[in-house]
Participant: 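Please read through the structure below; I'll follow up with questions.
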Amino acid sequence: MAQTETAINACDVDIELDDDAGAEKSIKGSSNSLAMNFDKDIKPFRTFGSRWPKRLECGKDASFTLGAVYSSAADEAFDLLKTWYFEADPGARTLNVYIPKKNVGADFYTGEFRLKSMTWSLSPDEAGPAMVQAVLEPSGAVSISTNAT
């Protein structure tokens, strides 16, 4: 097999997250990592006389872990995340991810997500920015399509 000529990198990935009013805000300038995990509910079974299990599948799930810069500006990733977490009734928000960037033909992942957790560590010895990790879990389906606009 020949070496691929269509590999992409994540330098220009576009990420958008709704604010508390439902307006999409670009957070690519204040985020620097996104781990997207997709799972299927698969369970094994065996019957008498079988040595190898069969497996059935049913549900799907996902979790996205976003790395964000701990910053003080409004409408940046951390501002949106902390506002979301501390709301009285936080609810679900739309997350959009465009790979390799928001162009026609890009892979477009979208869904309604809930903020499960945020973590960060602070150290007086660290000269770089404090980084926040936020785990987002979908409330409903996560879809993939090809960006058309």
Participant: Quick one: list whatever passes salt bridge (charged side-chain N to carboxylate O under 4.0 Å, His left out) with Asp41, sequence neighbours left out.
Facilitator: Lys43

Participant: Measuring only between side-chain heavy atoms, which start at C-beta, is Asp61 closer than 4.5 Å to Pro138?
Facilitator: yes

Participant: Could you pull out the closest heavy-atom pair between Ser139 and Arg114, with the gap in Å?
Facilitator: OG-NE, 3.7 Å

Participant: Would you please name every residue forming a salt bridge (charged side-chain N to carboxylate O under 4.0 Å, His left out) with Lys116, sequence neighbours left out?
Facilitator: Glu137

Participant: Please enumerate all residues that pass ring-ring contact (aromatic ring centres under 6.0 Å, His included) together with Tyr98, with sequence neighbours excluded.
Facilitator: Phe108

Participant: Residues two or more places apart in sequence or in another chain: which of them pass salt bridge (charged side-chain N to carboxylate O under 4.0 Å, His left out) with Asp14?
Facilitator: Lys28

Participant: Please enumerate all residues that pass side-chain hydrogen bond (donor to acceptor under 3.5 Å, both in side chains) together with Thr4, with sequence neighbours excluded.
Facilitator: Thr6

Participant: Look up atom CG in Asn96 and atom CG in Asp18, then write down how far apart they are to the nearest 0.5 Å.
Facilitator: 7.5 Å

Participant: Under the side chain to side chain contact (heavy atoms under 4.5 Å, CB included) rule, collect the residues that match up with Ser50, sequence neighbours excluded.
Facilitator: Arg46, Thr47

Participant: Hydrophobic clusters join Ile, Leu, Val, Met, Phe, Trp and Tyr when side-chain heavy atoms are under 4.5 Å apart, directly or via other members; which others share one with Val69?
Facilitator: Met131

Participant: Got a sec: does the CZ of Phe38 have more than 12 other heavy atoms crowding it under 6.0 Å?
Facilitator: yes

Participant: For the CG atom of Leu136 and the OG atom of Ser63, what is their distance to the nearest 0.5 Å?
Facilitator: 9.0 Å

Participant: Work out which heavy atom in Ala134 is nearest to a heavy atom in Leu81; give both atom names and the distance.
Facilitator: CB-CD1, 3.8 Å

Participant: Kindly write out the residues that satisfy salt bridge (charged side-chain N to carboxylate O under 4.0 Å, His left out) with Glu87, not counting sequence neighbours, or none if the list is empty.
Facilitator: Arg93

Participant: Suppose we screen for side chain to side chain contact (heavy atoms under 4.5 Å, CB included). Which residues come up paired with Arg51, at least two apart in sequence or across chains?
Facilitator: none

Participant: At what distance, to the nearest 0.5 angstrom, does CD1 of Ile27 lie from CG of Asn32?
Facilitator: 11.0 Å

Participant: Under a 3.5 Å distance rule, please check whether Asn147 uses its side chain to pair with a backbone N or O of Asn103 as donor and acceptor.
Facilitator: yes

Participant: Under 4.5 Å side-chain heavy-atom separation, chaining through any Ile, Leu, Val, Met, Phe, Trp or Tyr, what else clusters with Phe45? Say none if it is isolated.
Facilitator: Leu56

Participant: So, for Ala148 and Val104, which heavy atoms are closest and what is the spacing to 0.1 Å?
Facilitator: O-CG2, 3.8 Å

Participant: Any chance you could measure Leu34, atom CG, to Ile99, atom CD1, to the nearest 0.5 Å?
Facilitator: 7.0 Å

Participant: Write down the atom of Ser30, the atom of Ala77, and the distance for their closest heavy-atom approach.
Facilitator: OG-N, 2.8 Å

Participant: If you look at every heavy atom in Ala74 and Asp79, which pair is closest and at what distance?
Facilitator: CA-OD2, 3.5 Å

Participant: Which heavy atom of Val142 sits nearest to which heavy atom of Ala62, and what is that distance?
Facilitator: CG2-CB, 4.3 Å

Participant: Considering residues at least two apart in sequence or located in another chain, which fulfil the ring-ring contact (aromatic ring centres under 6.0 Å, His included) criterion with Tyr70?
Facilitator: Phe78, Trp120

Participant: So, taking the atom named CH2 in Trp84 and the one named CE in Met118, what distance separates them when rounded to the nearest 0.5 Å?
Facilitator: 10.0 Å

Participant: So, Ser26 and Glu16: side-chain donor and acceptor under 3.5 Å apart, yes or no?
Facilitator: no

Participant: Among residues two or more places apart or on two chains, list those pairs meeting salt bridge (Lys or Arg N to Asp or Glu O under 4.0 Å) that have a residue in residues 67-78.
Facilitator: Lys25-Asp75

Participant: Phe64 and side chain to side chain contact (heavy atoms under 4.5 Å, CB included): which partner among Val135, Ile15, Leu95?
Facilitator: Leu95

Participant: If you round to the nearest 0.5 Å, how far is CD of Glu112 from OG1 of Thr94?
Facilitator: 3.0 Å

